[in-house]
Engineer: 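One structure coming up, written as structure tokens, with questions to follow.
Counting starts at 1 for both ligands and their atoms, in listed order.
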Amino acid sequence: MMLDIYNKVKKAIVGREQEIKSILAAMDAGKHILLEGPPGTSKSTLLRKIARKAKIPFYILEGNIDLTPAKLVGHFNPAKVMADNYQPEYFEKGPLTKAMEEGGILYIEEFNRMPADVSNVLITPMEEGEMTIPRYGLVKAVRPFTVIAAQNPYDDVGTVRVSRAFMDRICLIKMEYQDEEEERDIVRLRTGYENPQVINAAVKLVRKTREHPDIKLGASVRAAIDLVDIFASLTKLADQPDHNFQTAAHMALTNKIWLNEVTARNAEEIIDDIWDSLRVETKGLKGKASSPGLTAEGKEESDKREALQKKKMTVL
Ligand SMILES: Nc1ncnc2c1ncn2[C@@H]1O[C@H](COP(=O)(O)OP(=O)(O)OP(=O)(O)O)[C@@H](O)[C@H]1O
Ligand SMILES: [Mg+2]
């Protein structure tokens with residue numbers, strides 16, 4: 001059963017074999033998970049696919065300071081209670097209660113932004129598989145109820161220190177950036193765009209932002225996807241590959257990178273610098289953007305990729 005789910009999820013995702021196995025194994029063993037990774041490293045995509053293929057409910061919640069225990073657990077409908085006193089059926093279940101009763105995944109993004117009194121509510125359900133709600137009753141968790149918290153390791157703005165007690169009850173799975181080839185596959189899969197030069201340049205540009213000294217947190221594959229999508233649309237209006245690429249790069253990347261506080265330069269300047277150096281390396285975007293004029297070898301590679309992509313698309 002688990003192997004069957006693994007195989008189905010694997011077909012719908014580029015790479016990530018070990019991470020899929022680790023998540024499924026934790027769920028199978030009744031453990032709860034902390035996914036630690038920067039933005040855009042497939043955390044949500046992976047979990048949604050796992051829930052879908054395993055045919056279990058998926059509840060998603062964003063951790064922020066406005067989150068309260070009641071938003072997590074649920075609350076009694078005040079109008080009904082006023083009219084007819086407390087009845088269990090007047091309880092409006094929150095995502096934690098639903099995930100427990102239905103054997104689903106409760107996914108909490110930006111977990112480290114949520115107040116400690118809210119994360120403490122999770123401890124007993126995680127540890128005992130049970131939770132008592134006054135006037136509603138005992139909620140028992142159905143397998144494979146799993147709490148999955150996500151946090152960005154570089155996120156230090158507005159975050160709270162997560163309690164030791166919580167950390168002691170959760171297993172860590174790290175989500176690093178994927179390698180260059182996999183990122184190209186992801187961009188191709190998500191955009192459906194065929195020009196390998198453009199895909200290659202977009203992925204290279206984005207990856208360079210992650211190692212630039214003026215940048216604290218570089219862009220994710222999400223930025224490369226946006227860049228290629230915008231580039232493709234700009235090309236429909238004017239066939240100016242270099243100019244379009246630069247415009248698309250500014251639109252897609254500028255607000256997705258976090259600069260170091262000390263740098264005097266702005267994001268656009270840094271993106272232009274990286275693109276200038278890459279242009280030399282990749283020899284620019286030659287020819288018509290819509291028909292890249294591939295070499296025979298490039299064409300063969302592109303055909304192979306196209307076939308691969310079609311295969312992948314059918315399983316999504
Ligand atoms: N391995 C992958 N296979 C297929 N698509 C991927 C993969 N990694 C990322 N993507 C795509 O990249 C985008 C970002 O991924 P996703 O939203 O899952 O990241 P995330 O880790 O949840 O990010 P955040 O922390 O910002 O919420 C999505 O469009 C997703 O489809
Ligand atoms: Mg996400």
Side-chain angles (χ1 to χ4, degrees), residues 5-24 33-53 58-64 67 95 105-114 146-159 172-193 199 202-203 205-207 209-210 216-232 248 251-258 305 308-316:
I5 298 167
Y6 168 72
N7 285 325
K8 286 182 180 157
V9 174
K10 199 169 73 130
K11 277 192 201 145
I13 297 276
V14 176
R16 293 293 194 215
E17 281 86 359
Q18 185 54 56
E19 290 82 353
I20 301 169
K21 283 185 205 155
S22 300
I23 295 169
L24 289 174
I33 303 167
L34 176 65
L35 281 187
E36 193 178 82
T41 44
S42 73
K43 300 181 291 296
S44 306
T45 309
L46 213 54
L47 297 179
R48 275 186 204 285
K49 286 282 188 277
I50 287 175
R52 194 174 310 156
K53 302 297 177 191
F58 181 70
Y59 295 101
I60 185 165
L61 203 69
E62 201 188 311
N64 58 49
L67 204 62
I105 292 176
L106 175 67
Y107 178 46
I108 308 173
E109 292 191 305
E110 312 222 49
F111 167 77
N112 42 334
R113 290 175 180 238
M114 99 186 177
T146 308
V147 175
I148 305 183
Q151 76 179 20
N152 173 353
Y154 306 103
D155 189 359
D156 53 13
V157 187
T159 58
L172 177 70
I173 298 176
K174 285 198 174 166
M175 305 289 282
E176 313 280 356
Y177 290 118
Q178 292 183 248
D179 67 28
E180 190 164 343
E181 191 181 341
E182 286 181 346
E183 290 201 321
R184 284 199 298 264
D185 285 344
I186 295 167
V187 175
R188 204 171 296 114
L189 181 68
R190 294 295 168 217
T191 62
Y193 199 60
I199 307 255
V203 168
L205 176 64
V206 160
R207 293 178 71 86
T209 65
R210 296 176 201 156
K216 190 157 70 174
L217 178 65
S220 72
V221 72
R222 193 180 277 135
I225 295 170
D226 289 355
L227 199 171
V228 171
D229 274 337
I230 294 166
F231 177 86
M251 288 168 69
L253 267 70
T254 306
N255 52 353
K256 295 192 184 72
I257 59 182
W258 295 1
R305 291 229 173 91
L308 176 75
Q309 182 182 340
K310 286 214 175 100
K311 208 170 86 204
K312 281 185 180 157
M313 294 298 265
T314 56
V315 297
L316 283 176

Engineer: May I ask you to identify, for Met175, whether its side chain, its backbone, both or neither come under 4.0 Å of ligand 1 on a heavy-atom basis?
Structural biologist: neither
Engineer: Would you confirm whether Lys43, through its side chain, and Glu36, through its main-chain N or O, come within 3.5 Å as a donor-acceptor pair?
Structural biologist: no
Engineer: Which distance, rounded to the nearest 0.5 Å, do you find between the OG1 of Thr45 and the CD1 of Ile13?
Structural biologist: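 Atom-to-atom, Thr45:OG1 and Ile13:CD1 are 6.0 Å apart.
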Engineer: Look at atom 26 (O) of ligand 1 and say which protein heavy atom is nearest, naming residue and atom and giving the distance to 0.1 Å.
Structural biologist: Arg222 NH1, 3.0 Å
Engineer: Minimum heavy-atom separation for Asn112 and Asn152, please, with both atom names.
Structural biologist: ND2-O, 4.3 Å
Engineer: Just which atoms of ligand 1 are under 4.0 Å from any heavy atom in Val221?
Structural biologist: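 Selected atoms, number and element: 9 (C), 12 (O).
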Engineer: Nearest protein heavy atom to atom 18 (O) of ligand 1, by residue and atom, and its distance?
Structural biologist: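 Minimum-distance protein heavy atom for atom 18 (O) of ligand 1 reads Thr45 OG1, 2.4 Å.
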Engineer: For Glu182 and Val14, work out which heavy atoms get closest and say how close.
Structural biologist: O-CG1, 3.6 Å
Engineer: For ligand 1, which part of Leu46 has a heavy atom less than 4.0 Å away: the side chain, the backbone, both, or neither?
Structural biologist: neither
Engineer: If you count the atoms of ligand 1 from 1 in the order shown, which ones are under 4.0 Å from a heavy atom of Glu109?
Structural biologist: 27 (O)
Engineer: Can you see which heavy atom on Pro95 is nearest to which on Leu106, and at what distance?
Structural biologist: CB-CD1, 3.7 Å
Engineer: Of all the non-hydrogen atoms in the protein, which one sits nearest to atom 6 (C) of ligand 1, and at what distance?
Structural biologist: Ile186 CG2, 3.4 Å
Engineer: Minimum heavy-atom separation for Ser220 and Pro39, please, with both atom names.
Structural biologist: CB-O, 3.1 Å
Engineer: Tell me, do Val9 and Leu24 make a side-chain contact under 4.5 Å, heavy atoms counted?
Structural biologist: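 The answer is no; the side chains never approach within 4.5 Å.
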Engineer: Using distance alone, determine whether Arg16 and ligand 1 share an N or O pair under 3.5 Å.
Structural biologist: no
Engineer: Heavy-atom contacts with Thr41 under 4.0 Å: which atoms of ligand 1 show up? List them by number with element.
Structural biologist: 19 (O), 20 (P), 21 (O)
Engineer: Using only atom types and a distance under 3.5 Å, with no angle test, would you say the side chain of Arg16 pairs donor to acceptor with the backbone of Thr41?
Structural biologist: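 Yes; judged by distance alone, with no hydrogens or angles, the pair exists.
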Engineer: Looking only at distances, can you tell me whether any N or O atom of Tyr107, backbone or side chain, sits closer than 3.5 Å to an N or O atom of ligand 1?
Structural biologist: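 The answer is no, given that Tyr107 and ligand 1 share no N or O pair closer than 3.5 Å.
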Engineer: Give a yes or no answer on whether the side chain of Arg188 reaches the backbone of Tyr193 with a donor-acceptor pair at less than 3.5 Å.
Structural biologist: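 No: the side chain of Arg188 does not pair with the backbone of Tyr193.
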Engineer: So which heavy atom on Ala224 is nearest to which on Val206, and how close?
Structural biologist: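 Shortest heavy-atom contact: N-CG2, 3.6 Å.
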Engineer: Please report which non-hydrogen protein atom sits nearest to atom 13 (C) of ligand 1, along with the residue it belongs to and the distance in Å to one decimal place.
Structural biologist: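 Looking at atom 13 (C) of ligand 1, the protein heavy atom closest to it is Ile225 CD1, 4.2 Å.
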Engineer: Once side-chain contact (heavy atoms from CB on, under 4.5 Å) is applied, do any residues pair with Glu17, and if so which ones, sequence neighbours excluded?
Structural biologist: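 Testing Glu17 for side-chain contact (heavy atoms from CB on, under 4.5 Å), a comparison that skips the adjacent residues, returns Tyr6, Lys10.
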Engineer: Identify the protein heavy atom lying closest to atom 4 (C) of ligand 1, giving its residue, its atom name and the separation to 0.1 Å.
Structural biologist: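 That would be Arg190 NH2, 3.2 Å.
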Engineer: So, do Asp185 and Gln178 sit near enough that their side-chain heavy atoms are less than 4.5 Å apart?
Structural biologist: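 Of all side-chain heavy-atom pairs linking Gln178 with Asp185, none is under 4.5 Å.
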Engineer: If you look at every heavy atom in Ala252 and Asp226, which pair is closest and at what distance?
Structural biologist: CB-CB, 3.8 Å
Engineer: Do me a favour and list the nearest non-hydrogen protein atom to atom 8 (N) of ligand 1 with residue, atom name and distance?
Structural biologist: Ser42 CB, 3.1 Å
Engineer: By residue and atom, what protein N/O/S atoms are less than 2.8 Å from the Mg ion (ligand 2)?
Structural biologist: Ser44 OG, Glu109 OE2
Engineer: In the structure I gave you, are the side-chain heavy atoms of Glu110 and Asn64 within less than 4.5 Å of one another anywhere?
Structural biologist: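 Heavy-atom side-chain distance check fails, nothing below 4.5 Å.
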Engineer: Classify the contact between Lys43 and ligand 1 as side chain, backbone, both or neither, using a heavy-atom distance cut-off of under 4.0 Å.
Structural biologist: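 Both of them.
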Engineer: Among all the protein's non-hydrogen atoms, which is closest to atom 3 (N) of ligand 1, and how far away is it?
Structural biologist: Val14 N, 3.0 Å
Engineer: Is Gly40 in contact with ligand 1, taking contact as a heavy-atom separation below 4.0 Å?
Structural biologist: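 True for this residue.
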